[in-house]
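A quick write-up on the structure given underneath.
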There are 2 protein chains.
Amino acid sequence: MDKPRKTQKKETVPNGRPTILDLARHAGVSIATVSRALNTPDVVSDDMRRKVEASVAELGYVTSSVGKALRKQRTRVIGTLLPQLDNPLFSVFAAGVHSALSEAGYVGFIQPVGWDNRQLSKHARTMIANGAEGIIVFGRIDDPDLFRLQKAQKFPLISAYSYHEGSDVPCVGIDNYSATKLLVNLLLQLGHKRIAMLSANMIANDRQQSRIDAYRDVMAEHGLPVFLEDIDLSSPEADPSPRLEKLLKGENRVSAILCNRDVLAYRTLSVCMKLGIRVPEDVSLTGFDELEYASLLYPPLTTVAVPAAEIGRNAARQVISYLEEGRPLSSYRYDTHVILRQSVGAPPAT
Amino acid sequence: MDKPRKTQKKETVPNGRPTILDLARHAGVSIATVSRALNTPDVVSDDMRRKVEASVAELGYVTSSVGKALRKQRTRVIGTLLPQLDNPLFSVFAAGVHSALSEAGYVGFIQPVGWDNRQLSKHARTMIANGAEGIIVFGRIDDPDLFRLQKAQKFPLISAYSYHEGSDVPCVGIDNYSATKLLVNLLLQLGHKRIAMLSANMIANDRQQSRIDAYRDVMAEHGLPVFLEDIDLSSPEADPSPRLEKLLKGENRVSAILCNRDVLAYRTLSVCMKLGIRVPEDVSLTGFDELEYASLLYPPLTTVAVPAAEIGRNAARQVISYLEEGRPLSSYRYDTHVILRQSVGAPPAT
DNA sequence: TTGAAAGCGCTAACAG
DNA sequence: CTGTTAGCGCTTTCAA
């Protein structure tokens, strides 16, 4: 029926989402006016603005960010790489990141990448390709490829959770080494001599490694023996009970166990329960992270409080500041403190 | 030194990321060849391909998805709306979604939106604007605006976790009503007569509401009294202990408490501990969701197993199938089962 | 205050 | 097999 008016191409909206051109036609104005009505309404006459607004409502128009991003060379998208999503520590961290993003009108990609931070670049590349303007990585970045990528693409890159003195890349987080020292010293002060450490996924994990180093160093300082066990949490069929039992009941049994993550402590606690070993009368137990449930266990768990959400927020805000105001990223060290609860006591009288 | 060869505009890469044009210049080929070398390498001569690959490596080139997306009208981005991120139930769900996305080469936005599913459209709009091609919503969608948006934009929209017979929008998930009936009946069979239900964030939450309905209906069937408490988990300062104490110790004390979420059960358990009330001797306790820690508590928690990760995977896969092959979305109902553990026993002999 | 038109990075005809 | 070019949806000069 109606013939094309200008020299314009498309006729109608057959099936796709309405574009700015559809909107302009519907409102009987130019696309430039539509754009202005949407982005700088004050610069457009009331009449025009109303027409556009009415058409937006009627057509259910939503600006396509991809067109906009291409033009403005900005996406307001930031990507986060973390070990896994279904783990309270990381999801609390991610929640912190997202709260900062939302406040600033950004949206976030999340990508679980497993425990090995030596293979990050592939995932980072995908995010960059998909428009991410900055990348937040949980933990230390151990992938030189990612640094190369960063250099070529010049995007803000920040490492969060672990603080490392003199890190190449800006990092905000805690010092796992000294936090662990605090914990070990606490046990020593209580009179413990035979102290074990339970770790998980140690390979290529700077957090676990720093904690192990601290434990080893303090024990060495005092000339005390080291009992280090690596528990594989990723395979549920590998039951850690026998190894724990050896630690808890054998000839060489220990009076305290440092669990390098709260979840490890949860498992250990349930094994103790099963074996009839009392906590803290027979053995003292500590965690690391202060997850929500640490205080709800029986007995409540002594652990290290880590402000994971705050760290995530800080990282995200820094990346945003860099993107918006060009403010350079900087490292920041968060303090930790030990939360002393009933899972820790004096060693049993022999 | 060197003058522009063709009629091309940009000279070098002053500060931004390298584009396909930079790459083409560097490799001494046309942008079309670069594109082909990257996307359909087999259709390009070995010589050209190698040149391009070398330049990619040297320049650290990463395809800009925004250009590509604009051209192909595809982004391979899917958005997920869920109540919060820092809660095991939702993060397990999100992990399921993301595992399916990764497998298919998609990336995911995640947006925490709080408990009220009547205000979803704003968040969905942001995601659509940012290129999301489909939206997954945790729980029932109670926002007519979102349906309007969906109609205008024609994107795949799916509700996950709650299954509702005859839902307008496709939904994959569990039937909260019948799952709860199972749980209540279990307690009745054990001889419990005074059974309370603890709920949280009931307003505009279809899951809690369905569970409450089931509880009410079964109790009514048996002519038994209803004790319903709404606990506000979002404000930590509002201590629920006094109300729980009344439920647990008063004249009208109950012999069993149904907690509508595992986290509620955790809290209740710790209150019991504090009050010296034994579980299950004095009171039986149940949860709902089967979070990772339910089995680690003391006593281990009786709860309802919900395949949250699998539900997330299903929802994501459906959206992808729709996008890739046009396969229409369909609803799917997952079975649940009660996991009977030591937190439940017979009522105390009066 | 409004419109016309260029161009962001990329892919897919179409020519050669 | 390779290059030229149009155009995806949008913003932003530049003119009117």
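As a basis for the values below, the full set of heavy atoms in this structure was taken, side chains included, without hydrogen atoms, waters or symmetry mates. Note on naming: letters A, B, ... go to the chains in the order of the sequence lines (proteins, then strands), and numbering restarts at 1 for each one.
- To the nearest 0.5 Å, atoms OG (A:Ser121) and CG (A:Asp143) are separated by 4.5 Å.
- Among A:Tyr332, A:Phe90, A:Phe138, the single residue meeting the ring pair (Phe, Tyr, Trp, His ring centres under 6.0 Å) criterion with A:Tyr161 is A:Phe138.
- Closest to the side chain of B:Ala32, from the set D:dC10, D:dT4, C:dC10, is D:dT4.
- Side-chain proximity of A:Ile20 to D:dC10, C:dT2, D:dT12: nearest is D:dC10.
- Comparing D:dT11, C:dC10, C:dG9 against the side chain of B:Thr63 picks out C:dC10 as the nearest.
- Put simply, CG on B:Leu38 is 14 Å from P on D:dT2, counting in whole angstrom units.
- Listed nucleotides: D:dG3, C:dA5, D:dC10. Nearest to the side chain of B:Val29: D:dG3.
- Annotation: the span from A:Asp142 atom CG to A:Phe147 atom CZ amounts to 7.5 Å, rounded to 0.5 Å.
- B:Arg313 has no carboxylate O lying under 4.0 Å from a charged side-chain N of B:Glu103, or vice versa, which leaves the two without a salt bridge.
- Side-chain N/O atoms of A:Arg36 and base N/O atoms of C:dG3 include a donor-acceptor pair closer than 3.5 Å.
- Atom CD1 of A:Ile31 and atom C1' of C:dC8 are 14 Å apart (whole Å).
- One atom, CZ of A:Arg71, and another, P of C:dA5, lie 16 Å apart when rounded to the nearest Å.
- Note on A:Tyr61: a side-chain N or O is less than 4.0 Å away from OP1 or OP2 of D:dC10.
- The distance from atom CG of A:Leu70 to atom P of C:dC10 is 9 Å, rounded to the nearest whole Å.
- Atom CD1 of residue A:Ile31 and atom CZ of residue A:Arg25 lie 10.5 Å apart, to the nearest 0.5 angstrom.
- For B:Arg74 and D:dG7, the CZ to C1' distance is 19 Å, given to the nearest whole Å.
- The phosphate of D:dT2 has OP1 or OP2 within less than 4.0 Å of a side-chain N or O from B:Ser45.
- Considering only side-chain N and O atoms, A:Gln73 lies under 4.0 angstrom from the phosphate OP1 or OP2 of C:dG9.
- Counting non-hydrogen atoms under 4.0 angstrom, A:Ser35 reaches a base of the nucleic acid.
- Note on A:Lys72: every side-chain N or O is 4.0 Å or more away from OP1 and OP2 of D:dT11.
- Residue B:Leu59 contributes atom CG, which lies 15 Å from atom C1' of C:dG9 at whole-angstrom precision.
- The side chain of A:Met48 has C:dT2 as its nearest neighbour among C:dG9, C:dT2, D:dC10.
- Residues A:Arg74 and A:Glu324 are paired through a salt bridge, judged by an N-O separation under 4.0 Å between the basic side chain and the carboxylate.
- OP1 or OP2 of C:dG3 lies within a sub-4.0 Å distance of a side-chain N or O belonging to A:Thr33.
- The nearest whole Å value for the distance from the CZ atom in B:Arg25 to the P atom in D:dT4 is 12 Å.
- Within the 4.0 Å cut-off from OP1 or OP2 of D:dT4, not a single side-chain nitrogen or oxygen of B:Ser30 is found.
- For C:dG9, its base never sits under 3.5 Å from the side chain of B:Arg17 at any donor and acceptor pair.
- Each of B:Asp42 and B:Ala69 was matched to the nucleotide of DNA chain D holding its nearest heavy atom; the match closer to the 5' end belongs to B:Asp42.
- Between the P atom of D:dT2 and the CZ atom of B:Arg49 lies a distance of 10 Å, rounded to the nearest Å.
- If you check every strand for non-hydrogen atoms under 4.0 Å, A:Ser65 touches nothing.
- For B:Lys68 and C:dG9, the shortest distance from a side-chain N or O to OP1 or OP2 is not below 4.0 Å.
- Toward the 5′ end of DNA chain C lies the nearest nucleotide of A:Asp46, the other residue of the pair A:Asp46 and B:Val66 mapping further downstream.
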